[in-house]
Amino acid sequence: MAGKRRAELGRRRFILVAGGTVAGVAAAGGGTFTAAAAESFAPAGPDPYMGMPRSLVLSLPEMPGGAEMPVPPLPEQLAEGTLSPPSARMRIPYADEPVNPKAVEDSVPTTLPFEFKTSQFTMASDLPEAMRPWRDRPTTWVNVTPDSEHTYLDAQGVIMYRPSRAEAGYNQPVTQCQFGLGCVAGYRTEKDAARKALFLERAKAQAQRLIDTRVEARGAWYFPYPFDYKHDTHSGITYTAPWYSGMAQGEAISLFTQLSELDGISEEERTLYKAAADGAFASLLRADDAKPWAVNKDKNGYLWIQEYPINAPGTSDYTYNGMIFAMFGIWDYFQATGNPLAEQLYDGSLTTIRDHFPRLRNTRWFSYYCDTHRIPAPTYHQHHINLLRQLHWQTGSPTIANRHDQLIDDFPAYGLRSGSVAAIAAGTHTLYKLDTLGAADSFGWSSSKADKQLATKKVTFSKATQAPVNVRRRIMGRGIYYRINAGAYAGWWIGEAFPKAFLRGEYVSTTYLPQRTATFPANVEVTCVEFGTDGTTGSTKTVKFAKESNAPFDRRAVVNGRPMVRITAGGLNGYWAPTAQVLTDGR
């Protein structure tokens, strides 16, 4: 079903034709419709660039590195809380029997834990390798033997979590799952045989520790946290060991499933990992009517995979990122097994994420970490963007892609490549001194500084100029600004205002799969740009249609200071259209 749907989406045909009176055709479900236009391409009007040289407006600089958004480093699940040793009387009921794969398979429930809201989301079955879960996070060779303030390898090669270097370490299921998945990703891409072998050894060690420390309860496998924990800012998140996390349950499914698919393991290991995935998946089919549990539904009937499952009503966090990471495990499991219950769990989970997006979003600022406390989360906002992008890839949903776009516009990733420059038009501009974090933190935001305006300065340029910049970010309560980092105005900020001031190049780019649809409104002139390379001026086409006309796009980015989408068919193939002038699907 999922593969058929993606194939149908891939067969869509869009044509945007130059010349004559035909423009904008689109297909849905194999058919087509045509919008007649009184004029395809409008005649060139006066130069709209307000004295800015066209060579700057219509060309992209040749810069090192890609334009794709950087993948944010994984946050530490325990970083915002206090960890303490468990009671001396604490006992974790670890399973002490050898794994019986057939018995584990037979114990997987055949019914859902309860009814919940769904929306007929389906999972793509033909997702390219690079877009599959965790492929974007390979463990690097330099990190294959971690030794940091909080993490290190024990004698078995298993990553352990310690509150500090002076304290003993603990098994931490999410840390072990994520390190193992990173090693699997490293194994998939590594060419050197010795390094490849070590990546696999590390991944298998994490999986074995999870298997050895599993708790078998309610016909399912659970992975316990053997320490006490209290979240420092989220009231109600207080745990006494052993406790459990739906995030760990889902990530363990991913680790076991992905290991079972590798070519470097024995058949005995493959059977073991499949059984472990079955045991972990069973935990997502057990309701919250007994302990331990990882899934429940809220008062409105929405399914939640709880990163922090608390039994008192209303005290669970209903955490967004932890739930989505767990959903990746369901996606992996469905691809491997075709289990229809996995498809239904994924559908229900994505329905929750879609419908709760207005509560996740914090317009023009950092999104909220969880549904309960709704505290803006600077360290998780970029994760929300990256996770929603992957949900779009996994389903082809334009609605999820649109939500992803909104988060980018609210607070885009702000680190810039070395050598970035802003074009500044002739005329008078206002520069700002702002109270931000220092260079070590890329001049980011802090609650104590709050981007306070410290000073302003009026500057006038007799002709267009350029300035080196190292930060592009939203300023609290304002728009997007650039930080000048060299020359007479080093340390001052200037607001993004195309075409008077804009960052040259393509930034915060994302690729869509399947392609999406842009609608050109009726009787509105839209000027699209085909950018030249550095030193080469590109070209523009101004189009106007008598009726709404559709065109496909495969990419969205901030290009020379404006959010734009790249058209992929017809007379505008290869041209970028400003998102302020076209309507993108999924709204």
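In this text the structure is predicted, and so the values were computed from the model without any measurement.
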Fill in: Tyr512 side chain to Asp405 side chain, donor-acceptor N/O pair below 3.5 angstrom
yes

Worksheet item: So, for Gly180 and Ala203, which heavy atoms are closest and what is the spacing to 0.1 Å?
Response: O-CB, 3.7 Å

Item to complete: Scan Tyr333, Trp331, Trp221, Tyr222 and name whichever one has a ring-ring contact (aromatic ring centres under 6.0 Å, His included) with Phe281.
Response: Tyr333

Item to complete: Could you grab the distance from atom OG of Ser349 to atom CD1 of Ile324, nearest 0.5 Å is fine?
Response: 9.5 Å

Discussion item. Can you see whether Gln406 engages Asn402 through a side-chain donor-acceptor pair at a distance of less than 3.5 angstrom?
Written reply: yes

Fill in: Ile253/Leu284 under side chain to side chain contact (heavy atoms under 4.5 Å, CB included): CA gap, chis, key distance, verdict
CA-CA 10 Å; Ile253 296 171; Leu284 303 185; 3.8 Å; yes

Worksheet item: Donor-acceptor pair, Trp293 side chain versus Gly246 backbone, under 3.5 Å?
Response: no

Worksheet entry | Trace of the side chain to side chain contact (heavy atoms under 4.5 Å, CB included) decision for Leu391 with Phe328 | CA-CA 9 Å; Leu391 293 179; Phe328 291 175; 4.0 Å; yes

Worksheet item: Are a donor atom and an acceptor atom from the side chains of Tyr302 and Asp355 found within less than 3.5 Å of each other?
Response: yes

Discussion item. Determine whether a donor-acceptor pair (N or O, by modelled atom type, separation under 3.5 Å) exists between the side chain of Thr337 and the backbone of Asn339.
Written reply: yes

Worksheet item: Please walk me through it: do Leu345 and Ile305 pass side chain to side chain contact (heavy atoms under 4.5 Å, CB included)?
Response: CA-CA 10 Å; Leu345 286 174; Ile305 304 172; over 6 Å; no

Worksheet item: Think Arg403 forms a cation-pi with Phe357, using NZ or CZ under 6.0 Å from the six-ring centre and within 45 degrees of its axis?
Response: yes

Discussion item. Could you check, using the six-membered ring where one of them is a Trp, whether His234 and Tyr369 have ring centers closer than 6.0 angstrom?
Written reply: yes

Worksheet entry | CA sep, side-chain torsions, deciding dist, call: Glu80, Thr233, side chain to side chain donor-acceptor pair (under 3.5 Å) | CA-CA 7 Å; Glu80 297 179 350; Thr233 57; 4.9 Å; no

Item to complete: Mark yes or no for whether His373, through its side chain, and Ser235, through its backbone, hold a donor-acceptor pair below 3.5 Å.
Response: yes

Worksheet item: Got a sec: does the NZ of Lys204 have more than 12 other heavy atoms crowding it under 6.0 Å?
Response: yes

Worksheet item: Under the side chain to side chain donor-acceptor pair (under 3.5 Å) criterion, do Ser367 and Asn362 qualify, and how do the steps go?
Response: CA-CA 5 Å; Ser367 50; Asn362 185 15; over 6 Å; no

Worksheet item: Is there a donor-acceptor contact under 3.5 Å linking the side chains of Asp278 and Tyr273?
Response: no

Fill in: Cation-pi geometry met for Lys297 and Phe116 (6.0 Å, 45°)
no

Worksheet entry | His404/Ile400 under side chain to side chain contact (heavy atoms under 4.5 Å, CB included): CA gap, chis, key distance, verdict | CA-CA 6 Å; His404 154 276; Ile400 299 302; 5.7 Å; no

Fill in: Atom pair CD (Glu251) and CG (Leu181), whose distance is rounded to the nearest 0.5 Å
7.0 Å

Worksheet item: Between Leu572 and Ile567, which heavy-atom pair has the shortest distance, and what is it?
Response: O-CB, 3.4 Å

Response to the item:
Exactly one candidate in Tyr414, Tyr380, Phe411 meets ring-ring contact (aromatic ring centres under 6.0 Å, His included) with Phe366; the answer is Phe411

Worksheet, complete the sentence: For Arg132 and Leu127, the nearest pair of non-hydrogen atoms, with its separation, is NE-O, 2.8 Å

Discussion item. I'd like to know if the side chain of Arg214 and the backbone of Ile211 have a donor-acceptor N/O pair within less than 3.5 Å.
Written reply: yes

Worksheet entry | Derivation and outcome, ring pair (Phe, Tyr, Trp, His ring centres under 6.0 Å), residues Tyr239 and Tyr229 | CA-CA 5 Å; Tyr239 281 105; Tyr229 179 73; 7.2 Å; no

Worksheet item: Does the distance from a Lys or Arg side-chain N to an Asp or Glu carboxylate O, for Asp263 and Arg188, drop under 4.0 Å?
Response: no

Worksheet item: So, does Thr319 use its side chain to make a donor-acceptor pair with the main chain of Asn321 at under 3.5 Å?
Response: no

Worksheet item: Between Asp347 and Gln120, is a side chain to side chain donor-acceptor pair (under 3.5 Å) present by the stated rule, with each step listed?
Response: CA-CA 6 Å; Asp347 181 14; Gln120 302 301 306; 4.6 Å; no

Fill in: Minimal non-hydrogen separation, Arg286 against Pro113, with atom names
C-CB, 4.0 Å

Worksheet item: How long is the gap from CE on Met323 to CE on Met327, to the nearest 0.5 Å?
Response: 6.0 Å

Discussion item. Which heavy atom of Leu407 sits nearest to which heavy atom of His381, and what is that distance?
Written reply: O-NE2, 3.0 Å

Worksheet item: Which value, rounded to the nearest 0.5 Å, describes the distance between Cys370 atom SG and Leu360 atom CG?
Response: 10.0 Å

Discussion item. Set out, in order, the CA-CA distance, both residues' side-chain angles and the distance that settles side chain to side chain donor-acceptor pair (under 3.5 Å) for Thr140 and Asn143, then state yes or no.
Written reply: CA-CA 5 Å; Thr140 61; Asn143 292 321; 2.9 Å; yes

Worksheet item: Salt bridge or not for Glu268 and Arg270, using N-O below 4.0 Å?
Response: no

Discussion item. Taking Arg556 first and then Asp409, would you say they form a salt bridge - that is, a charged N and a carboxylate O separated by under 4.0 Å?
Written reply: yes

Worksheet item: Is Gln335 reaching over with its side chain to a backbone N or O of Ala124, donor-acceptor style, under 3.5 angstrom?
Response: yes

Discussion item. I'd like to know if the side chain of Gln176 reaches the main chain of Ile159, judged simply by a donor and an acceptor atom lying under 3.5 Å from each other, with no hydrogens or angles considered.
Written reply: yes

Practice prompt. Please collect all salt bridge (charged side-chain N to carboxylate O under 4.0 Å, His left out) contacts where either partner lies in residues 98-118, sequence neighbours excluded, each pair once.
Written response: Lys102-Asp106

Fill in: Check: Thr517 main-chain N/O paired with Asp585 side-chain donor or acceptor under 3.5 Å
yes

Discussion item. We want to know whether Gln258 and Asp332 form a side-chain donor-acceptor pair, criterion being a heavy-atom distance below 3.5 angstrom.
Written reply: yes

Worksheet entry | His356/Trp304 under ring pair (Phe, Tyr, Trp, His ring centres under 6.0 Å): CA gap, chis, key distance, verdict | CA-CA 11 Å; His356 284 74; Trp304 289 88; 5.0 Å; yes

Fill in: Gap separating the CD atom of Gln390 from the CZ atom of Arg135, nearest 0.5 angstrom
10.5 Å

Worksheet entry | Gln77 and Gln178 side chains, donor-acceptor separation under 3.5 Å | no

Practice prompt. Establish, from distance only, whether the side-chain atoms of Trp365 and Asp410 form a donor-acceptor pair under 3.5 Å.
Written response: no

Discussion item. I'd like to know if the side chain of Ser119 reaches the main chain of Phe121, judged simply by a donor and an acceptor atom lying under 3.5 Å from each other, with no hydrogens or angles considered.
Written reply: no

Fill in: Glu307 backbone acceptor or donor facing Ser245 side chain under 3.5 Å
yes

Item to complete: Determine whether the side chains of Asp371 and Tyr320 contain a donor N or O and an acceptor N or O closer than 3.5 Å.
Response: yes

Worksheet item: What distance separates Gln249 CD from Tyr244 OH, expressed to the nearest 0.5 Å?
Response: 9.0 Å

